[in-house]
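Just below is one structure, and these are the notes that go with it.
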Amino acid sequence: MEKIRMTTPLVEMDGDEMTRILWKMIKDELLSPFVDLKTEYYDLGLEYRNETNDQVTFDSAEATKKYGVAVKCATITPNAARMTEYNLKEMWKSPNGTIRAILDGTVFRAPIIVKGVEPYVKNWTKPITIARHAYGDVYKGSEMKIPGAGKAELVYTNEAGEETRELIHNFKGAGIIQGMHNLNDSIESFARSCFNFALDTKQDLWFATKDTISKKYDHTFKDIFAEIFENEYKEKFDAAGIEYFYTLIDDAVARVMRSEGGYIWACKNYDGDVMSDMVATAFGSLSMMTSVLASPNGYYEYEAAHGTVQRHYYKHLKGEETSTNPIATIFAWSGALRKRGELDNIPELMAFADKLEKACIDTIENGEMTGDLYLISTLENKKKLNTEEFILAIRKTLEGLM
């Protein structure tokens with residue numbers, strides 16, 4: 001069979017630990033035999049990030065702007081233990097955070113639904129997509145420990161040197177403070193990304209903050225969303241038969257738990273971080289979650305929503321058998337290939353991406369799965385496979401579909 005041709009490269013961002021092992025296996029067994037892969041490769045493994053003083057991360061983000069579509073492996077965000085383990089020059093920042101800030105996009109995460117893996121919330125019959133703002137708030141916060149009694153203020157100095165002050169607190173003793181910020185431009189990008197994604201996927205869009213308490217910060221998010229919707233998207237939503245509505249974050253949580261799913265839930269940065277893990281776990285597994293960073297400028301970066309599977313990697317290094325779930329990483333590749341095919345008008349590439357995803361789902365629903373799914377699957381006839389066996393089982397299913 002002749003391989004499917006690509007015309008424009010994908011930006012390929014390699015990663016760390018067990019997901020790096022999976023990355024190579026997926027390319028070797030599920031992609032290269034069927035697609036003449038064209039990628040511009042960037043090694044975002046921690047060793048090379050350290051060697052380049054993290055320049056490779058910035059370069060990969062700029063390449064994504066150039067080519068429009070990227071696929072990213074899971075990467076380590078170092079802590080003190082990693083500093084020692086990898087002999088790092090400094091504690092490099094999260095590559096995801098760096099890339100998201102440069103692309104100024106929104107992260108959309110949705111569960112991959114398979115028979116036999118039942119949601120813990122029994123009325124959830126349709127996927128819930130979390131749209132997470134990818135800039136600012138606590139992730140770019142400034143913090144200070146207050147040693148004792150004194151006054152803490154927020155101070156803004158304009159270009160003319162004029163000051164505006166807002167009291168934070170009159171401290172009577174020791175404490176802590178944190179300063180957060182966001183940008184109107186970034187919030188506007190967040191809103192447009194959410195509205196566009198809702199139109200593309202024909203799903204209702206919910207947005208929630210706590211504007212009753214945060215009357216300036218959160219209220220600004222609410223106002224920007226409302227203005228953009230009324231001026232640019234209301235007629236489009238009406239024509240598509242979908243709705244946008246705003247509610248408080250605590251009300252949204254209650255509504256979500258009572259719902260059947262099937263909508264996009266837009267959240268600020270930290271809320272989205274927490275709620276995407278909650279939704280993923282409630283649907284079954286973080287390794288069964290798609291994740292795409294979409295920018296209103298037309299940039300897309302597909303990734304797995306989970307980490308580098310450190311525990312399995314250490315077992316792998318000892319030569320021990322692992323049963324690591326590669327589904328989210330495979331779906332990162334299929335999502336990127338589908339988008340590349342869409343942008344370059346290559347229907348064969350889009351069809352391949354569909355078949356690759358179907359092969360994954362069919363393999364699991366036929367009872368062949370990794371250990372994490374084996375533990376929670378309700379299928380009667382199921383078999384636990386190791387990492388390599390599972391990928392080879394997907395390949396066999398894919399060959400049948402091709």
Side-chain angles (χ1 to χ4, degrees), residues 19 74 77 94 96-97 100 105-114 116-139 141 180 190 193-194 197-198 201 203-214 218 221-222 225 244-294 302-311 325 327-329 331-332 335 370 372-373 375-378:
T19 45
T77 299
S94 159
N96 290 340
R100 288 167 190 164
T106 297
V107 181
F108 295 91
R109 288 181 171 170
I112 300 161
I113 306 294
V114 295
V117 179
E118 306 299 329
Y120 291 104
V121 182
K122 298 305 178 188
N123 45 285
W124 286 1
T125 57
K126 301 174 184 176
I128 296 170
T129 300
I130 297 289
R132 174 188 171 188
H133 187 209
Y135 179 83
D137 302 345
V138 296
Y139 299 87
M180 300 194 314
F190 174 37
S193 292
C194 290
F197 199 85
T201 58
Q203 295 183 91
D204 290 344
L205 174 66
W206 304 7
F207 180 47
T209 69
K210 193 68 173 175
D211 67 285
T212 52
I213 302 299
S214 178
D218 281 21
F221 277 82
K222 176 185 178 181
F225 264 73
Y244 164 70
F245 80 90
Y246 173 86
T247 188
L248 293 170
I249 187 72
D250 41 349
D251 177 55
V253 170
R255 286 172 179 259
V256 166
M257 297 307 289
R258 291 194 300 263
S259 77
E260 64 175 7
Y263 49 82
I264 301 161
W265 180 12
C267 297
K268 288 169 56 197
N269 207 346
Y270 179 75
D271 295 340
D273 192 2
V274 175
M275 297 306 176
S276 62
D277 276 20
M278 184 272 288
V279 167
T281 304
F283 269 102
S285 173
L286 256 178
S287 55
M288 298 292 287
M289 195 86 167
T290 63
S291 183
V292 56
L293 176 74
Y302 295 80
E303 61 182 347
H306 57 72
T308 57
V309 203
Q310 180 183 14
R311 185 172 58 85
N325 191 335
I327 295 294
T329 306
F331 271 62
T370 47
D372 61 323
L373 298 180
L375 290 172
I376 60 176
S377 173
T378 58

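Computed from a prediction, not measured in an experiment: that's the story for all the values here. Start at 1 with the first residue, then count along the sequence.
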Exercise. Decide side-chain hydrogen bond (donor to acceptor under 3.5 Å, both in side chains) for S94 and N96; before the verdict, give the C-alpha distance in whole Å, the side-chain angles of both, and the deciding distance to 0.1 Å.
Key: CA-CA 5 Å; S94 159; N96 290 340; 4.7 Å; no
Exercise. Given side-chain contact (heavy atoms from CB on, under 4.5 Å), test V292 with F331 step by step and report yes or no.
Key: CA-CA 10 Å; V292 56; F331 271 62; over 6 Å; no
Self-check item: Check against side-chain contact (heavy atoms from CB on, under 4.5 Å), R255 and F245
Solution: CA-CA 12 Å; R255 286 172 179 259; F245 80 90; 3.7 Å; yes
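Considering CD1 of I130 and OG1 of T106, their distance stands at 13.0 Å, rounded to 0.5 Å. Here the straight-line distance linking atom OG1 of T212 with atom CG of D251 works out to 10.5 Å at 0.5 Å rounding. With rounding to the nearest 0.5 Å, the separation of CZ in F207 from CG in L205 is 9.0 Å. Annotation: the span from K222 atom NZ to D211 atom CG amounts to 4.0 Å, rounded to 0.5 Å. Here M275 contributes atom CE and R109 contributes atom CZ; the two are 14.0 Å apart, rounded to the nearest 0.5 Å. From E118, atom CD reaches atom OG1 of T125 across 11.0 Å, with rounding to the nearest 0.5 Å.
In this structure the side chain of V121 never reaches within 4.5 angstrom of the side chain of F283, judged on heavy atoms. By the 4.5 Å heavy-atom criterion applied to side chains, I264 and T129 are counted as neighbours. In this structure, the side chains of H133 and F221 come closer than 4.5 Å at one or more pairs of heavy atoms. V107 places a side-chain heavy atom less than 4.5 Å from the side chain of S291. For the pair I112 and M289, the minimum side-chain heavy-atom distance is 4.5 Å or more. L373 has its side chain within reach of N325: a pair of non-hydrogen atoms, C-beta onward, lies under 4.5 Å apart.
Test Y246, W265, Y263, F225 against W206 for ring-ring contact (aromatic ring centres under 6.0 Å, His included) and you get one pass: Y263.
Among all heavy-atom pairs drawn from A304 and A332, the shortest one is N-CB, 4.2 Å. A294 approaches F108 most closely through the heavy-atom pair CB-CE1, 3.8 Å. Closest approach of D372 and S287 over heavy atoms only: OD2-OG, 2.8 Å. The shortest heavy-atom contact between A134 and L293 is CB-CD1, 4.2 Å. Closest approach of P127 and I113 over heavy atoms only: CG-CG1, 3.8 Å.
Between the S214 side chain and the K210 main chain, no donor and acceptor come within less than 3.5 Å of each other. The main-chain N or O of S259 is found under 3.5 Å from a side-chain atom of N123 such that the two form a donor-acceptor pair. Panel note: side chain T290, backbone A110; a donor-acceptor pair is recorded below 3.5 Å. Between the side chain of W124 and the backbone N or O of V256, at least one donor-acceptor pair lies under 3.5 Å.
For the 3.5 Å distance criterion, the side chains of T308 and Q310 fail to qualify, holding no donor opposite an acceptor.
Heavy atoms from other residues, nucleotides or ligands lying under 6.0 Å from OH of Y139 number more than 12.
Screening residues 268-294 for salt bridge (charged side-chain N to carboxylate O under 4.0 Å, His left out) gives R132-D273, D218-K268 as the qualifying pairs, with residues at least two apart or on separate chains.
The side chain to side chain donor-acceptor pair (under 3.5 Å) test applied to S377 returns no partner, not counting sequence neighbours. Not counting sequence neighbours, Y302 has no partner by the ring-ring contact (aromatic ring centres under 6.0 Å, His included) test.
Salt bridge status for R100 with E303: present, with a side-chain N to carboxylate O gap under 4.0 Å.
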